[in-house]
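The figures that follow rest on heavy atoms only: side chains count, while hydrogens, waters and symmetry mates do not. Proteins get letters first, then strands, A, B, ... in listed order; numbering begins at 1 in each.
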Amino acid sequence: MKLLSLQEMRLRYTKQPDSFSAYLGKVWDYRYMIVVLATRDLKIKYAQTVLGLVWTIIQPLTGLAIFYFFFHFLVAMPKVPECGYAVFAFSGMTAWYFFSYIVYQGSNSLISGQELSQKVYFPRIILPLSKVVVGAVDLTISLCLLMVLMLVMNVKPGWQILLLPGFVAVNATVGLSVAVWLSALTIRYRDLQHIVPYIVNFGIWLTPVFFPTTIVPDKLSWFLYLNPMTGVVEGYRWCLWGYSEFTWLYAFGLILAFLLLIAGTVFFKRQEHHMMDVL
Amino acid sequence: MNGHENIVVRVENLDKCYFKRDGASGKMVPFYALRNVSFEVAKGEVLGIIGKNGSGKSTVLKILSGITPPTEGVVEIFGTPSSILDIGTGIHPEISGRENVYLRGQLLGMKKQEVDEVFEELVAFSGVGDFIDTAVKHYSSGMFLRLAFSIIVHLRSDILLLDEVLAVGDASFRRRCVAKINDIVERGCTVVLVSHDMGTVMETCSRVILLDKGRVISIGSQKDVVQNMYMSGSDNRDFKEEEFDTPKLREIQSEDYGYKVERFGLFGIDDLEVTEFESADEVKIRLDYTILKNNVNLAIGISDVMDVRLIDDSPVLKLSKNNRMRNGRYKVTWTIPSGLFNAGTYFIGLYAFDNKLRVLKIYNRVVQFKVTDKSVPKYVQEFQRAAFKVNLRMQIQRLAV
């Protein structure tokens with residue numbers, strides 16, 4: 001039997017919240033919980049659904065069909081690269097859907113998970129984090145679909161595809177930074193929940209998902225890059241099928257998202273301390 | 001503090017303040033759920049926290065498990081705790097028992113391999129058998145509780161924090177759970193349990209804390225604390241004066257199980273029904289009932305206000321083996337001898353069970369009675385407990401239907 005001295009395993013609760021580093025340490029200790037909660041979500045999601053996985057495939061394909069019909073067939077989108085509109089739009093949608101899943105589910109995760117969090121202790125930021133993992137499963141399926149689509153359209157990926165995980169990580173960071181802020185804020189201000197559909201439904205038009213950045217007048221394109229998701233979407237396209245040129249503007253989004261995430265975590269931690277008394 | 005070697009939980013001057021909206025002024029006013037609570041728990045101890053609803057007992061556990069921070073004071077825990085504040089949290093009805101065992105186990109801090117190790121034993125203990133791969137929503141409520149509880153008692157942690165979870169399930173399963181807890185404790189685990197059910201506390205705890213309105217009223221051996229609770233004057237009087245809902249006699253006619261209760265109550269020597277009597281009086285409990293179906297019979301149980309069972313008895317104990325479960329009309333009387341009860345309120349419950357002594361149905365607190373005692377001044381009334389090994393005089397009359 002493994003002997004640990006009791007002093008090593010000491011937990012201490014006072015009115016003082018944990019320090020930031022101690023909090024991150026706790027999140028690390030409870031990292032298995034991210035997987036457990038994500039597994040639970042996935043099991044529940046697919047339990048009792050006849051079509052199961054098929055839904056995850058049908059949803060993005062339906063979206064693609066609708067947008068293809070409107071923006072390519074009815075209104076021909078100009079300046080679409082050689083790969084064809086389907087690949088162009090779908091690679092943008094893949095990134096956007098991942099982002100919107102994290103924002104939707106993550107910002108609501110504290111409220112939807114309160115039944116659990118009132119009974120079991122774990123750092124609460126685990127809740128939005130676990131949604132990233134669930135979203136990543138959908139993302140993987142979407143990416144596979146995209147690969148099939150690229151194969152059909154005869155679009156070949158280059159060496160840059162190796163950098164895709166990096167852009168996926170940036171994508172997750174951007175989503176998480178919004179989710180962490182919103183989830184912490186919704187505890188006190190429930191009406192902020194209504195802001196989420198705005199971000200997701202209107203944000204997609206401020207991000208070059210369906211249109212190439214080149215149709216935006218030069219004077220305004222810098223404005224597009226203030227949105228960190230622009231860099232993510234363009235980055236996906238660059239590393240998947242060599243769209244446009246790599247630009248350090250991609251990194252701008254990352255830095256912005258990262259700062260937002262750090263600040264969000266600090267804020268979240270402050271809220272978390274008294275969260276259970278407010279929920 | 002240079003701490004005692006064996007202390008695993010230390011709670012010092014704990015305050016917990018909530019804010020509630022004052023009805024009259026509409027302002028937020030502070031409300032203390034806990035006030036200056038201090039105690040220590042040594043390794044291998046089973047500490048029970050008792051008190052009425054709203055006494056703060058569950059808040060103590062919430063703070064111990066880290067779910068909510070204290071307003072003042074310090075909590076220190078040496079070891080890995082598992083807190084079970086609700087029996088079935090995290091168990092999802094749509095997914096199978098097996099998947100739920102793994103998820104719930106992991107939610108409570110077990111590793112997957114650790115669940116693997118105890119899985120067989122756990123399923124055997126729960127008795128859900130083949131249903132383990134069925135979605136939990138198809139379980140009966142009994143199966144659900146047994147599965148949920150099996151997960152808890154198979155956890156590998158140093159400190160178990162349990163909130164009311166022992167108060168569930170049928171009597172025989174509960175008994176196995178209590179035995180299992182004792183097992184765990186023997187292996188060196190420490191338990192802090194919150195309960196309003198005195199029976200559970202009596203069976204399992206080595207030390208008890210009584211809370212009232214967020215303060216510690218007394219702390220010590222079960223006997224001392226319970227004595228304190230019964231004897232203490234003003235603060236706990238409402239324990240005794242409460243009005244209880246009792247099932248009506250006509251509800252106790254179970255077509256399913258096949259019995260009908262015609263009369264159940266306390267009767268004085270003049271054969272008039274009484275609800276209150278002097279301790280020095282001799283009274284009779286009368287139970288007239290009909291068994292319509294073989295293999296069923298009834299038992300009575302007298303318990304005190306804290307639901308601690310003091311006396312159990314059933315006609316089957318007096319009948320010969322062949323006659324035990326025969327149908328017919330029964331007229332049973334028990335005599336309560338003079339001076340048996342101390343002053344206080346008591347209840348008589350009714351239990352239906354089958355020939356394998358499985359409990360089919362429990363009717364708690366069917367008859368309520370109050371005992372007064374003029375002969376003894378209140379402050380010397382002696383503490384009385386489950387150690388009541390009394391055999392009431394029983395007379396049985398059986399008539400064919």
Side-chain angles (χ1 to χ4, degrees), chain A residues 1-18 22-23 26 29-49 52 112-124 126-127 130 269-279, chain B residues 3 5-12 14-19 33 43 62-90 92-96 99-100 102-112 135 137 158-159 163 188:
Chain A
M1 219 173 85
K2 193 170 56 174
L3 284 174
L4 273 171
S5 98
L6 286 178
Q7 287 298 324
E8 281 174 56
M9 302 190 290
R10 195 177 75 151
L11 290 168
R12 197 182 149 90
Y13 304 117
T14 60
K15 64 176 173 179
Q16 292 298 328
D18 293 322
Y23 186 72
K26 271 191 184 169
D29 289 341
Y30 278 86
R31 63 192 182 277
Y32 70 91
M33 199 71 144
I34 300 174
V35 182
V36 173
L37 291 178
T39 319
R40 181 169 180 266
D41 275 1
L42 286 167
K43 284 201 167 131
I44 293 164
K45 193 170 162 191
Y46 293 116
Q48 290 272 316
T49 56
S112 64
Q114 59 176 306
E115 178 242 0
L116 191 66
S117 53
Q118 275 169 350
K119 306 291 182 187
V120 183
Y121 174 77
F122 51 87
R124 307 304 177 204
I126 297 281
L127 286 167
S130 75
K269 185 185 82 75
R270 271 227 308 260
Q271 294 296 312
E272 170 173 338
H273 195 57
H274 291 289
M275 201 173 276
M276 285 308 120
D277 301 343
V278 182
L279 266 174
Chain B
E5 277 283 311
N6 280 322
I7 296 300
V8 289
V9 177
R10 201 163 66 79
V11 173
E12 215 172 68
L14 207 60
D15 275 6
K16 178 69 191 179
C17 178
Y18 288 104
F19 286 88
K43 192 169 162 55
K62 275 201 166 172
I63 296 175
L64 287 189
S65 45
I67 285 172
T68 188
T71 310
E72 285 298 335
V74 181
V75 171
E76 282 181 304
I77 293 173
F78 305 94
T80 46
S82 287
S83 50
I84 294 99
L85 303 188
D86 184 9
I87 183 129
T89 311
H92 201 281
E94 292 287 347
I95 55 184
S96 75
E99 289 171 321
N100 267 311
Y102 276 91
L103 286 175
R104 171 84 166 136
Q106 287 176 297
L107 282 178
L108 292 172
M110 279 173 109
K111 295 204 174 62
K112 197 170 173 299
K137 65 176 173 188
D158 309 322
I159 303 158
D163 190 354

In terms of heavy-atom proximity below 4.5 Å to chain A, should [X] be classed as side chain, backbone, both, or neither?
X	result
B:Lys112	neither
B:Ile84	neither
B:Pro81	side chain

Response to the item:
Residue from B:Leu64, B:Ile63, B:Val75 scoring the most non-hydrogen pairs under 4.5 Å with chain A is B:Val75
Considering all heavy atoms, the nearest [X]-[Y] contact:
X	Y	value
B:Leu107	A:Met33	O-CE, 3.7 Å
B:Gln106	A:Val36	CB-CG2, 3.6 Å
B:Leu103	A:Thr39	CD2-CB, 4.3 Å
B:Ile77	A:Tyr13	CD1-CE1, 4.1 Å

Within this structure, what is the [atom1]-[atom2] distance for the pair [X] and [Y], rounded to the nearest 0.5 Å?
X	Y	atom1	atom2	result
B:Thr71	A:Lys15	OG1	NZ	8.5 Å
A:Thr14	B:Glu12	OG1	CD	12.0 Å
B:Ser96	A:Lys43	OG	NZ	7.5 Å
A:Arg40	B:Ile95	CZ	CD1	7.0 Å
B:Glu94	A:Ile44	CD	CD1	8.5 Å

Fill in: Contact check, side chains of A:Arg12 and B:Val74, non-hydrogen atoms, under 4.5 Å
yes
Discussion item. Is it the case that atom CZ in A:Arg270 sees more than 12 heavy atoms from other parts of the structure closer than 6.0 Å?
Written reply: no
